[in-house]
Amino acid sequence: MAITSTSALFISILLSLVLISSAQSCSKYTFPGNQAFNSCIDLPFLQANLHWNYIPSTRTVHIAYRANQTSTGWIAWAINPSGTGMVGSQALVALHNSNGSLTAYPTPITSYTTSLRPGALSFRVSNISATYADNQMSIFAVLGPLQNGTAVNHVWQAGNSVINDIPSNHATTGPNIQSMGTLNFLSG
Ligand code: HEM
Ligand SMILES: *[C@@H]1O[C@H](CO)[C@@H](O)[C@H](O)[C@H]1NC(C)=O
Ligand SMILES: *[C@@H]1O[C@H](CO)[C@@H](O)[C@H](O)[C@H]1NC(C)=O
Ligand SMILES: *[C@@H]1O[C@H](CO)[C@@H](O)[C@H](O)[C@H]1NC(C)=O
Ligand SMILES: *[C@@H]1O[C@H](CO)[C@@H](O)[C@H](O)[C@H]1NC(C)=O
């Protein structure tokens with residue numbers, strides 16, 4: 001009995017240390033202006049972070065996806081409501097247009113030969129915007145009301161080439177095919 005509760009205590013202390021240190025790096029980041037996010041995770045691939053605020057009363061989530069990128073590259077973040085990989089993902093992308101302006105828009109991914117043209121997602125998304133500063137591109141958006149709870153499969157990506165103002169393909173080795181996971185907007 002005593003041994004069991006001691007090790008339970010030890011394990012929970014260890015767990016909270018792990019949780020605290022994994023939250024540290026993204027939680028140190030402050031966005032310019034008055035945008036504050038309560039939750040964030042450092043994503044394990046592609047030098048990326050997801051910050052968010054979940055608002056239970058409206059079941060909406062304000063997200064900011066932030067990743068290292070050069071000014072000529074693109075970034076994307078998506079929820080996949082129907083699976084764990086790329087296909088079926090409901091994505092938000094950001095890139096610099098050929099006229100120099102930064103743009104962000106939604107695009108559903110239907111296949112591995114998808115074109116990332118703007119299109120409607122399977123859930124509501126509004127207030128999409130993007131910023132580029134200090135070699136980091138960020139996408140901001142409001143998602144929801146979320147109809148299927150707060151646990152989601154998500155994927156993220158980056159690529160170096162933009163053709164006719166549309167993101168072109170990404171690398172298909174290493175981190176670029178590992179950039180997927182699950183998260184819960186309610187619990188982190
Ligand atoms: C022009 C657009 C895109 C093309 C042509 C494309 C193509 C591909 C291909 C062919 C693969 C399979 C690689 C392999 O395993 O051999 C793949 C994997 C992957 N892609 Fe994309 N992709 C595009 C955009 C995106 C976007 C916008 C995202 C994220 C929002 C994304 C996320 C992923 C992920 C996470 C994988 C690995 C998991 C999986 O195979 O489903 N891709 N992509
Ligand atoms: C909720 O489920 C519906 C039906 O499967 C799907 O179309 C929609 O994209 C899902 N929403 C989210 C946020 O996953
Ligand atoms: C650049 O192009 C985009 C998309 O075509 C357009 O919405 C935007 O207004 C343009 N910006 C400038 C500064 O011309
Ligand atoms: C979305 O943007 C509009 C116009 O800028 C703003 O009035 C509104 O409060 C924003 N909505 C959310 C949920 O942030
Ligand atoms: C990613 O961007 C941050 C902020 O500019 C920078 O400190 C860091 O060195 C970058 N990482 C890499 C590997 O370029």
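Counting starts at 1 for both ligands and their atoms, in listed order.
Counting the atoms of ligand 1 from 1 in the order shown, those under 4.0 Å from a heavy atom of Ser168 are 1 (C). Residue Ser179 approaches ligand 1 through these ligand atoms, each under 4.0 Å from one of its heavy atoms: 35 (C). Interface atoms of ligand 1 facing Ala76, defined by a heavy-atom separation under 4.0 Å, are 27 (C), 30 (C). Against a heavy-atom cut-off of under 4.0 Å, Val155 is close to the following atoms of ligand 1: 29 (C), 30 (C), 35 (C). The contact set between ligand 1 and Pro167, taken as ligand atoms under 4.0 Å from a residue heavy atom, comprises 1 (C). For ligand 2, the atoms lying closer than 4.0 Å to a non-hydrogen atom of Pro81 are 9 (O), 10 (C), 14 (O). Distances below 4.0 Å separate heavy atoms of Thr172 from the following atoms of ligand 1: 9 (C), 11 (C), 13 (C). Shown in contact with Gly85 at under 4.0 Å from a heavy atom are these atoms of ligand 1, numbered in order with element: 41 (O).
Among the atoms of Ser122, some N or O lies under 3.5 angstrom from an N or O of ligand 2. When only interatomic distances are considered, the shortest N/O to N/O separation between Thr114 and ligand 1 does not fall below 3.5 Å. Geometrically, ligand 2 and Gln147 share no nitrogen or oxygen pair separated by less than 3.5 Å.
Within the 3.5 Å criterion, the main-chain N or O of Gly83 finds a donor-acceptor partner in the side chain of Asn153. For Gln69 (side chain) and Gly159 (main-chain N/O), a donor-acceptor pair under 3.5 Å exists by modelled atom type. Side chain of Gln136 to backbone of Arg66: no donor-acceptor contact under 3.5 angstrom is found. Thr107 places a side-chain N or O within 3.5 Å of a backbone atom of Arg117 that can act as its donor or acceptor partner. In this structure a side-chain-to-backbone donor-acceptor pair under 3.5 Å is present from Ser179 to Trp156.
At a 4.0 Å cut-off, at least one heavy atom of Leu146 sits close enough to ligand 2 to count as contact. For the pair Ile109 and ligand 1, a heavy-atom separation below 4.0 Å is found.
Side-chain contact check for Ile163 versus Ser168: some heavy-atom pair is nearer than 4.5 Å. Proximity of Trp74 to Gln157: side-chain heavy atoms (C-beta onward) are separated by under 4.5 Å at one or more points. Counting heavy atoms from C-beta on, the side chains of Phe37 and Phe140 come closer than 4.5 Å. Residues Ser138 and Phe31 meet the side-chain proximity criterion, which asks for heavy atoms closer than 4.5 Å.
Heavy atoms from other residues, nucleotides or ligands lying under 6.0 Å from CG of Asn164 number 12 at most.
Asn135 and Asn68 share no side-chain donor-acceptor pair at under 3.5 Å. Between Asp165 and Ser98, the side chains place a donor N or O and an acceptor N or O closer than 3.5 Å (distance only, hydrogens not considered).
Closer than 4.0 angstrom to ligand 4 by heavy atom are His62, Asn127, Val142, sorted by chain and number.
Our summary of the site lists the angle at atom 21 (Fe) of ligand 1 between NE2 of His170 and SD of Met86 as 170°, to the nearest 10 degrees.
Taking each of Trp74, Tyr112, Phe45, Tyr65 in turn, the one with a heavy atom nearest to atom 4 (C) of ligand 1 proves to be Tyr112. The closest heavy-atom contact to atom 31 (C) of ligand 1, among the options Gln178, Gln157, Met180, comes from Gln157.
One distance of note links OG of Ser129 with CD of Gln35; it measures 6.5 Å at 0.5 Å rounding.
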